[in-house]
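These notes are about the structure you will find just below.
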Amino acid sequence: MKLDAVKSLIAVAISALLAYACYEICNYEHVRWVIAAGAFVSIGTPMMLALGVSSQQERSSAMLKTLSWVFLLISPL
């Protein structure tokens, strides 16, 4: 597995912005950081795997990206 630094940095930046949006939307002061941290981890992990990681085997790479995108799109439900 190979990590592309630029795409991974973009994925982390997007997930940080979405986590900040969740932080601002939350009305309860005592759980804002928990919501932001959970959003960052649950959005950042699959986005980093979908965008920033590639494998030498084409099949493994396609399955990893497909699973990551499916998790990323279904997790908000």
So which atom in P46 and which in S68 form the shortest heavy-atom distance, rounded to 0.1 Å? O-CB, 3.4 Å
Closest heavy-atom contact between V41 and T45? O-OG1, 3.0 Å
Restricting to side chain to side chain donor-acceptor pair (under 3.5 Å), what partner residues turn up for Q56, sequence neighbours left out? none
What are the two closest heavy atoms between L51 and K65, and how far apart are they? O-NZ, 4.2 Å
Same cluster or not: are L3 and M47 linked, directly or through other Ile, Leu, Val, Met, Phe, Trp or Tyr residues, by side-chain heavy atoms under 4.5 angstrom apart? no
Contact summary for A39 and A19, nearest pair of heavy atoms: CB-CA, 4.1 Å
Can you give me the closest heavy-atom contact between L72 and S42, atom names plus distance? CD1-O, 4.5 Å
By side chain to side chain donor-acceptor pair (under 3.5 Å), S60 pairs with (sequence neighbours left out) Q57
Just jot down the side-chain contact (heavy atoms from CB on, under 4.5 Å) partners of L17, sequence neighbours excluded, or say none. none
Under the rule for side-chain contact (heavy atoms from CB on, under 4.5 Å), what residues qualify as partners of E24, not counting sequence neighbours? Y20, R32
Gap separating the CZ atom of F71 from the CD1 atom of I43, nearest 0.5 angstrom: 10.0 Å
Is there a side-chain contact (heavy atoms from CB on, under 4.5 Å) between W69 and L49? Walk through the geometry before answering. CA-CA 9 Å; W69 281 113; L49 289 174; over 6 Å; no
May I have all residue pairs that pass salt bridge (Lys or Arg N to Asp or Glu O under 4.0 Å) and include part of residues 1-13, sequence neighbours excluded? none
With V12 via side-chain contact (heavy atoms from CB on, under 4.5 Å) - residues at least two apart: F40, M48
